[in-house]
Asks: 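Mind looking over this structure? Questions follow.
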Protein chains: 2
Amino acid sequence: MEQIRVGIVGYGNLGRGVKLAIEKNPDMKLSGIISRRPEAVKWEVRGEIPTHFLDFSTEYTQEDFNVVILCGGSRKDIPRQGPYFAKYFNTVDSFDTHKRILWYRKKMEEAANPGAHTSIISAGWDPGIFSLERMLGSAFLPGSKTYTFWGQGVSQGHSDAARRVKGVVDARAYTQPIGKAIDEVRSGFTPELTKRQMHRRLVYVEVEKGADERRIEKEIKTMPDYFDEYETAVYFVGKESMAKDHKRLPHGGFVLTSGKTSETNRQILEYRCALESNPEFTASVLVACARAACRMNKEQMFGAYTLADFPLAFLSPHTGKAFTKKFW
Amino acid sequence: MEQIRVGIVGYGNLGRGVKLAIEKNPDMKLSGIISRRPEAVKWEVRGEIPTHFLDFSTEYTQEDFNVVILCGGSRKDIPRQGPYFAKYFNTVDSFDTHKRILWYRKKMEEAANPGAHTSIISAGWDPGIFSLERMLGSAFLPGSKTYTFWGQGVSQGHSDAARRVKGVVDARAYTQPIGKAIDEVRSGFTPELTKRQMHRRLVYVEVEKGADERRIEKEIKTMPDYFDEYETAVYFVGKESMAKDHKRLPHGGFVLTSGKTSETNRQILEYRCALESNPEFTASVLVACARAACRMNKEQMFGAYTLADFPLAFLSPHTGKAFTKKFW
């Protein structure tokens, strides 16, 4: 069996997760890492994987990789890297700025098509699997209500926001779903829930010596867009606790769809993931999508796709009779 | 907007559910019911829907329906009706004999292709959504273990089996997942579980006057293939309780996938449905698939498909920008 040659673009938490996931998929091979700091990466992977400098003047050749997985951030990296690499390779990414997905999709469509490449965009668990489950719930139960709960888990965006407060050395913000709300929906009620009724936030903060904790707490709790619409608790912890108790990146969540098929019969669908490592799981989804992108490319399915736009069987290493016997 | 004209073949619990589901989807219209007892159906639907006699000599024309939904049983009806109707129309069914799906798929492929029709087979929740979730769990978490739990819910096959015991007037068999096993998997363990450790069965039985309850109980509990591999409890109830407490058809279940992405990080995915009416929910899935089959047919995707073989966006009444904004 010829292995799929995968490239990683960007080697942070997500890129490291992709390396681990490729190692668990015998039909794939990590063929190179493209990074802004290739020397550091080379050292980290003990020279076992070819590393390349990431710039936007290199003319890549298709021989290097069958597919590249974009592991940079959605704010600045992917909007530029996506269209650039889609010119040269099949690509997969987890672009997660929900409001800009339509815009990004169009850019990727335009970039991938001329070179007959396939790009799977906005894959991961949300957007990605959760989007798919919201869609399925709505299609299977017209007139239903869908609820998405996140957590308990680390919100990187909210952690970054808390870190920007003056006097804060480090911060870790957790999103916590409110159990009462989940229980209500699971019991068959379909309440209108405000943001505050669905989630609370817990922020663990390490501050500079002598910093005004009351001011910091107030600034965090009232920060618009991030914390002001939630019940937020702020805890001050030392450097040691921050390093020991808050180094992991768990996450997860629930998509609940509740609807009636007749006067008397309510149907409730629930998709849930409980992740000990958010980046490692997202990486695993991306690697399955890398397999799909290569297969779709062989079937001449060019352009940009989300998880709703291609037959999901492409994700599985199993095919044909074995596939049906195993899952159906 | 031109509505999709849907036909129902077979008007039992599932067919009635399909009628209800079509009424909840404004882009669809129930255009006819084909039944072995069209007069009774006509009376039941108050003459509001054209009813036709089901036989295998009628030469149907494509003008009648854009798609027909096969609502008969998997043992005898669908294996014959599927290939017959796929000659004339796009079709959707919930053929659920897991072991014969490959055989059935081939038959449907051969029947649908010559007339350029599209057939979605084995849709519903299991096989169907659960199959899809088992496949996704396996693709996203290589090396993981997947567990399927069913219930609590009525098993029609086991109810029928209990009814065949001499002296039994009526029976209702419930499948119940064993909470301890679910909790274990949810907590991150990946035990090897026997059938007995995953499910138990409860059978409510109404017997003939003077029947030997001890013999009946023993015959049920030791019945091979059906009850002997499970802890089974048999309860004797009167006619009234049978009609009052056991008339509904709830069901549901869980697909749990548990795997590690690295030494330290376990990831658990769970799909769950809690259904107050099994046939009404299955019907809802079939109706969404009817929409998909018509769209796929327009895109010249002919032949037989399961839920893993086509882009799931085809299931949704939402399209384009509205689709992305709503779900992504």
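Numbered from 1 within each chain, the chains take letters A, B, ... in sequence-line order.
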Asks: Is the B:F281-B:H251 ring centre distance short of 6.0 angstrom?
Replies: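 No: the rings miss the under 6.0 Å criterion.
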Asks: Tell me, for A:L286 versus chain B, whether the close heavy atoms (under 4.5 Å) come from the side chain, the backbone, both or neither.
Replies: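 Neither part.
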Asks: Please look at B:E133 and chain A and tell me whether the side chain, the backbone, both or neither of the residue comes under 4.5 angstrom of a heavy atom of that chain.
Replies: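 For B:E133, the side chain is the part near chain A, not the backbone.
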Asks: As an exercise: rank B:T148, B:I101, B:N265, B:L132 by heavy-atom pairs under 4.5 Å with chain A and give me the winner.
Replies: B:N265
Asks: Anything in residues 268-280 of chain A with a heavy-atom distance to chain B below 4.5 Å? Please list those residues in order.
Replies: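 Counting heavy atoms that sit under 4.5 Å from chain B, the residues of residues 268-280 of chain A involved are A:I268, A:L269, A:E270, A:Y271, A:R272, A:C273, A:A274, A:L275, A:E276, A:S277, A:E280.
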Asks: Judged by atom type as modelled, is there a donor-acceptor pair below 3.5 Å linking the side chain of B:N90 to the main-chain atoms of B:S119?
Replies: no
Asks: Measuring heavy-atom distances to chain A, does B:L141 have an atom under 4.5 Å in its side chain, in its backbone, in both, or in neither?
Replies: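 Looking at B:L141, just its side chain touches chain A.
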Asks: Among A:K24, A:R105, A:R134, A:M135, which residue has the highest count of heavy-atom pairs closer than 4.5 Å to chain B?
Replies: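 Counting heavy-atom pairs under 4.5 Å, the top option is A:M135.
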Asks: Does any backbone or side-chain atom of B:K99 lie under 4.5 Å from a heavy atom of chain A? Answer side chain, backbone, both or neither.
Replies: neither
Asks: Only pairs of heavy atoms separated by less than 4.5 Å count here; which of A:G137, A:A21, A:S138 has the most with chain B?
Replies: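 Heavy-atom pairs under 4.5 Å are most numerous for A:S138.
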Asks: By a 4.5 Å heavy-atom criterion (distance strictly below it), what part of B:L136 contacts chain A: side chain, backbone, both, or neither?
Replies: side chain
Asks: Indicate the atoms forming the closest heavy-atom contact of B:T261 with A:S284, along with that distance.
Replies: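 Residues B:T261 and A:S284, closest heavy atoms: CG2-OG, 3.5 Å.
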Asks: Report, by ascending residue number, the residues of residues 312-328 of chain A in heavy-atom contact with chain B at a distance under 4.5 Å; give 'none' if the set is empty.
Replies: A:L312, A:A313, A:L315, A:S316, A:H318, A:K321, A:F323, A:T324, A:K325, A:K326, A:F327, A:W328
